[in-house]
Number of protein chains: 2
Amino acid sequence: MSSLADHIEAYIKKMLRSSGTNSVELSRAQMADDFSCVPSQINYVLSTRFTLERGYIVESRRGGGGYIRIGRVQVEDDYAHAVRLLQSIGSELTEKQMDNILVHLKDHQIISPRELRLIRGIVQQEAGKIGQGRNLLRASLVRSLLFFIIESKS
Amino acid sequence: MSSLADHIEAYIKKMLRSSGTNSVELSRAQMADDFSCVPSQINYVLSTRFTLERGYIVESRRGGGGYIRIGRVQVEDDYAHAVRLLQSIGSELTEKQMDNILVHLKDHQIISPRELRLIRGIVQQEAGKIGQGRNLLRASLVRSLLFFIIESKS
DNA sequence: TGAACTAAGGTCAGTAATAGTCAAAGGAAG
DNA sequence: CTTCCTTTGACTATTACTGACCTTAGTTCA
């Protein structure tokens, strides 16, 4: 049931975890070949799953000896970083923005997968109860829940 | 007597029981096909029977390879009463009502004094940001934060 | 040295595959 | 008959995947 994009994402994350250097380099064509797909599929995965919002940096070079390098953003202090992320939440938050923040925090082990699911569930449930102002509610809810979690752990 | 929605509910619960993992994944279209109904009927069942208050988390994704995943979250007996209290929170909540609930939960050791202060602080902060609909926001915020706390402890 | 060739990677728009929303119609229990 | 729950379907939104075409960098050789 999980899509090809999911598999590619998982594979890259596994490479990242086992790299030790927080950064991996790969060949787009090679990758596409390994997964039997068109090369642009790799770009699709990168642009949907490895965004800056989610805490990843992607660099690349074309031409002979070209490459794609994927790194995780470096933070000195996870706690301070999380607080900054929280502060970056404005008064409105779309579902996609929320997801990016949650995945970012999960990938950096600031919240657990279970907490991520719970927050998503709670927000979905509450947002479903109102007609207007969902983005406003989402912002409040996510800010509060994350603040609570971070505060509880510190 | 027993409606189609009931059958679908029972079927999903049976899948959950026999899954071993406390979570099942299904395809909305497939499900609708199996029960010879329109796909949105599945949404109806999910939104009326598999709510957070009843102990379920529903996640889904659209698009190719899309899915609906239903997970179970279990609440211990100690907290069942608190959950019922949560359910009684309507769509609006005044500051006074909120305080009554928080104090009650603190007195019954469901939340700690620190958590009480934290919730009050968060709600005050968020409520201060908006002009209208404070009671609506308070209800969502308190319900969500308390649910999160209870869920995290059980 | 620079034109032509080779070897990467990037973009974008179109198609297909799912799921979600909402309001209206239907039906059963009081 | 009224009210509440169920069922339906038309319309919408999101996500995945593909292929044609574009850009950039290195290499070769007249």
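Side chains included, hydrogens not; waters and symmetry mates left out as well; all remaining heavy atoms used.
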S.K.: Could you give me the CA-CA distance, side-chain angles and deciding distance for A/I119 and A/I149, then say whether side chain to side chain contact (heavy atoms under 4.5 Å, CB included) is met?
M.R.: CA-CA 11 Å; A/I119 293 177; A/I149 291 177; 3.9 Å; yes
S.K.: I would like to know whether B/F35 and B/H7 meet side chain to side chain contact (heavy atoms under 4.5 Å, CB included); could you show each step before the answer?
M.R.: CA-CA 9 Å; B/F35 284 92; B/H7 285 123; 4.3 Å; yes
S.K.: Could you check B/V45 against A/L4 and say which one's nearest nucleotide on DNA chain D is further toward the 5' end?
M.R.: B/V45
S.K.: So what does A/S27 hit on the nucleic acid, given a heavy-atom distance under 4.0 Å: a base, only sugar-phosphate, or nothing?
M.R.: sugar-phosphate
S.K.: Let me know the distance between CG of B/L46 and P of D/dT6, rounded to the nearest Å.
M.R.: 13 Å
S.K.: May I ask whether B/L93 and A/I130 are part of the same hydrophobic cluster, defined by side-chain heavy atoms of I, L, V, M, F, W, Y residues being less than 4.5 angstrom apart, directly or through others?
M.R.: yes
S.K.: Grab the CG-P distance between A/L26 and C/dA8 for me, whole Å please.
M.R.: 14 Å
S.K.: When the nearest nucleotide of DNA chain D is assigned to B/V38 and to A/G63 on a heavy-atom basis, which residue is associated with the more 5' position?
M.R.: B/V38
S.K.: Select base, sugar-phosphate, or nothing to describe what A/G64 touches, counting heavy atoms under 4.0 Å on all strands.
M.R.: base
S.K.: Find the distance A/I130:CD1 to C/dC22:P and express it as a whole number of Å.
M.R.: 11 Å
S.K.: What I want to find out is whether B/E151 reaches A/R117 closely enough, with some N-O distance under 4.0 Å, to be called a salt bridge.
M.R.: no
S.K.: Please classify the nucleic acid contact of A/S40 as base, sugar-phosphate, or nothing, using heavy-atom distances under 4.0 Å.
M.R.: base
S.K.: Would you mind reading off the distance between A/N100 atom CG and D/dT14 atom C1', rounded to a whole angstrom?
M.R.: 14 Å
S.K.: Please check this pair: side chain of A/R54 against backbone of A/V103, looking for a donor-acceptor N/O pair closer than 3.5 Å.
M.R.: no
S.K.: Which one, C/dG20, C/dG9, D/dG9, comes nearest to the side chain of A/I68?
M.R.: C/dG9
S.K.: Would you say A/Y44 reaches D/dA16's phosphate, i.e. side-chain N/O to OP1/OP2 under 4.0 Å?
M.R.: yes
S.K.: Take the protein atom CZ of B/R62 and the nucleotide atom P of D/dT14, then report the distance between them rounded to whole Å.
M.R.: 6 Å
S.K.: When the distance from CD1 of A/I8 to C1' of D/dT15 is rounded to whole Å, what number comes out?
M.R.: 14 Å
S.K.: A/G66 or A/Q124: which one's nearest nucleotide on DNA chain C is closer to the 5' end?
M.R.: A/G66
S.K.: OP1, OP2 of C/dA7 versus side-chain N and O of A/R28: anything below 4.0 Å?
M.R.: no
S.K.: Do B/R61 and A/D6 meet the salt-bridge criterion of a basic N to acidic O distance under 4.0 Å?
M.R.: yes
S.K.: Taking the side chain of A/R134 as heavy atoms from C-beta outward, which of C/dC22, C/dA19, D/dT8 is closest to it?
M.R.: C/dC22
S.K.: If you compare every side-chain N and O of B/R61 against the phosphate oxygens of D/dA16 (OP1, OP2), does one of them come in below 4.0 Å?
M.R.: yes
S.K.: When you check the phosphate oxygens OP1 and OP2 of D/dT15, does a side-chain N or O of A/K96 lie under 4.0 Å from one of them?
M.R.: yes
S.K.: Find the distance A/N43:CG to D/dT24:P and express it as a whole number of Å.
M.R.: 15 Å
S.K.: Can you check the A/D33 CG to C/dA8 P distance for me, whole Å?
M.R.: 12 Å
S.K.: Taking only N and O in the side chain of B/R69, is any of them less than 4.0 Å away from OP1 or OP2 of C/dA19?
M.R.: no
S.K.: Classify B/I42 by what it touches in the nucleic acid, base, sugar-phosphate, or nothing, heavy-atom distance under 4.0 Å.
M.R.: nothing
